[in-house]
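Notes for the one structure printed next.
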Amino acid sequence: MPRRTPALLLAALVTIASGSLAGCSDDEMPPATTASTSTPSSTAPEGSTDGAADEALEALLLDASDLPAGFTASDEADDTITSFCATQDAAAGLQASARAVRAFARDAGGASVIQLAFRFRDGGAATFVQQAETALATCTDIPDASGTGLAFEYEPLSPDVAAAVAAAGDSRTGRYGTSVGSGNLTVEVVVLQHDDIGILVAVLGLSQPRTELDALAATAFTAVAQRL
C-alpha cells in the first residue's frame with residue numbers, strides 16, 4: 001500500500017466500516033449495506049453534533065493535548081462510521097439524540113485518531129457495545145462494502161492497551177486489527193458504554209510497529225477513560 005497523507009489515512013479508517021452516520025439524530029441509523037463511498041464531508045475540528053447541542057457529550061471528546069506532540073485536529077472525519085465489515089454495523093437499528101466526532105492526524109503521517117460519541121435512546125448504548133463485540137468477533141477477513149476490498153483480521157488488544165479501559169464505563173469491548181494482504185494498515189479500537197452514551201475510539205496506523213501503535217492507543221484510550 002502506498003504511503004498516504006494524514007488526511008487520506010483518516011479516510012482509510014472510514015473504509016473499515018460501512019454505513020454513514022452523518023444523518024444520525026432522531027432517525028434510525030442506516031444499515032451497513034447503504035454506505036456512501038463519497039469523500040468524507042468536512043466538520044469543524046472542534047467536533048460536531050447532530051441534533052440538539054449536547055455539552056456533556058462534547059466534554060467526553062479528546063483534545064490535541066491528550067495526544068503525543070505532533071497530532072493536530074483534522075476535518076476529515078464527519079462521515080466516520082461504526083461497523084468493521086460489510087455485514088456488521090455496531091449501530092444498526094439504534095437511535096441517538098446527539099452525535100459528536102473528533103479526529104486527529106499526526107503531522108508527520110502514519111497515524112490517526114478518531115473518536116465518535118452518541119447519546120443513545122432506549123438503552124441503545126449497551127446494545128452498541130454488544131453489537132460491536134459481535135462484529136469484532138465475526139468480521140475477520142470480511143471485506144468492506146464500499147468496493148475497496150479492505151478486510152481486517154482482528155485479535156485481542158495488547159494487555160497494556162486493554163488495561164487502559166479495563167474499568168472504563170459500564171461495558172466495553174476492543175480489538176487490534178491488521179489489514180489482510182498488505183498487513184501495513186492496522187487499527188486499535190475500543191467501544192465503551194457510559195449510561196446512555198456510547199463511545200468509539202479508533203487509532204489507525206500505517207506501517208507502524210505494533211509497540212508504537214500500542215503506546216498511542218493506550219494514551220488515547222486512557223484519556224477517554226478518565227473523562228467518563
Side-chain angles (χ1 to χ4, degrees), residues 1-17 21 39-48 58-82 84 100-117 136 144 146 148 150-155 157-165 168 174-192 199-227:
M1 183 179 294
R3 180 175 177 82
R4 304 185 185 207
T5 64
L8 290 178
L9 190 57
L10 284 168
L13 182 54
V14 175
T15 67
I16 290 172
L21 293 180
T39 302
S41 59
S42 296
T43 185
E46 294 303 313
S48 66
E58 294 282 345
L60 298 176
L61 297 181
L62 290 165
D63 186 83
S65 62
D66 295 314
L67 303 175
F71 278 85
T72 54
S74 170
D75 63 357
E76 296 291 328
D78 194 43
D79 286 344
T80 302
I81 41 191
T82 58
F84 308 98
V101 57
R102 192 161 292 175
F104 305 89
R106 190 164 61 193
D107 297 339
S112 305
V113 178
I114 293 180
Q115 180 182 7
L116 288 167
L136 290 165
D144 74 281
S146 65
T148 65
L150 278 178
F152 284 77
E153 292 183 352
Y154 292 102
E155 60 185 272
L157 297 169
S158 297
D160 288 348
V161 179
V165 291
R175 293 291 193 284
Y176 174 89
T178 303
S179 61
V180 176
S182 66
N184 63 347
L185 179 63
T186 53
V187 63
E188 306 211 33
V189 59
V190 294
V191 181
L192 307 168
I199 296 173
L200 183 152
V201 185
V203 175
L204 188 74
L206 184 64
S207 300
Q208 299 294 297
R210 182 162 183 180
T211 53
E212 294 184 11
L213 200 67
D214 278 352
L216 174 58
T219 297
F221 297 167
T222 297
V224 172
Q226 291 173 343
R227 282 172 159 77

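Counting only heavy atoms from C-beta outward, the side chains of Asp63 and Arg227 approach each other to under 4.5 Å. In this structure the side chain of Tyr176 reaches within 4.5 angstrom of the side chain of Thr186, judged on heavy atoms. Residues Val190 and Leu200 have side chains not in contact (no heavy-atom distance under 4.5 Å, counting atoms from C-beta outward). For the pair Leu204/Leu213, no side-chain contact is recorded, criterion being any heavy-atom separation below 4.5 Å from C-beta on.
Arg106 and Ser112 form no side-chain donor-acceptor contact under 3.5 Å, judged by distance and modelled atom types alone. There is no side-chain donor-acceptor pair under 3.5 Å between Thr219 and Asp66. For the residue pair Ser158 and Asp160, no side-chain donor N or O sits within less than 3.5 Å of a side-chain acceptor on the partner.
At least one donor-acceptor pair closer than 3.5 Å links the side chain of Gln115 to the backbone N or O of Leu62.
Residue Gly110 comes nearest to Gln208 through the heavy atom pair O-CG, 3.2 Å, listed as atom of the first residue, atom of the second, then distance. Glu58 and Ala100 get closest at one heavy-atom pair: OE2-CB, 3.8 Å. Residue Tyr154 comes nearest to Val187 through the heavy atom pair CE2-CG1, 4.4 Å, listed as atom of the first residue, atom of the second, then distance.
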Worksheet entry | Audit row: Phe221, Val203, side chain to side chain contact (heavy atoms under 4.5 Å, CB included) steps and yes/no | CA-CA 9 Å; Phe221 297 167; Val203 175; 4.0 Å; yes
Discussion item. Determine whether Val224 and Leu60 satisfy the following criterion, side chain to side chain contact (heavy atoms under 4.5 Å, CB included), listing intermediate values before the conclusion.
Written reply: CA-CA 7 Å; Val224 172; Leu60 298 176; over 6 Å; no
Practice prompt. Take Ile114 and Val201 through the side chain to side chain contact (heavy atoms under 4.5 Å, CB included) test and state the conclusion after the steps.
Written response: CA-CA 6 Å; Ile114 293 180; Val201 185; over 6 Å; no
Worksheet entry | Derivation of the side chain to side chain contact (heavy atoms under 4.5 Å, CB included) call for Thr178 and Phe152 | CA-CA 5 Å; Thr178 303; Phe152 284 77; 5.6 Å; no
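The pair Glu153-Arg175 does not meet the salt-bridge criterion, since no charged nitrogen lies less than 4.0 angstrom from a carboxylate oxygen.
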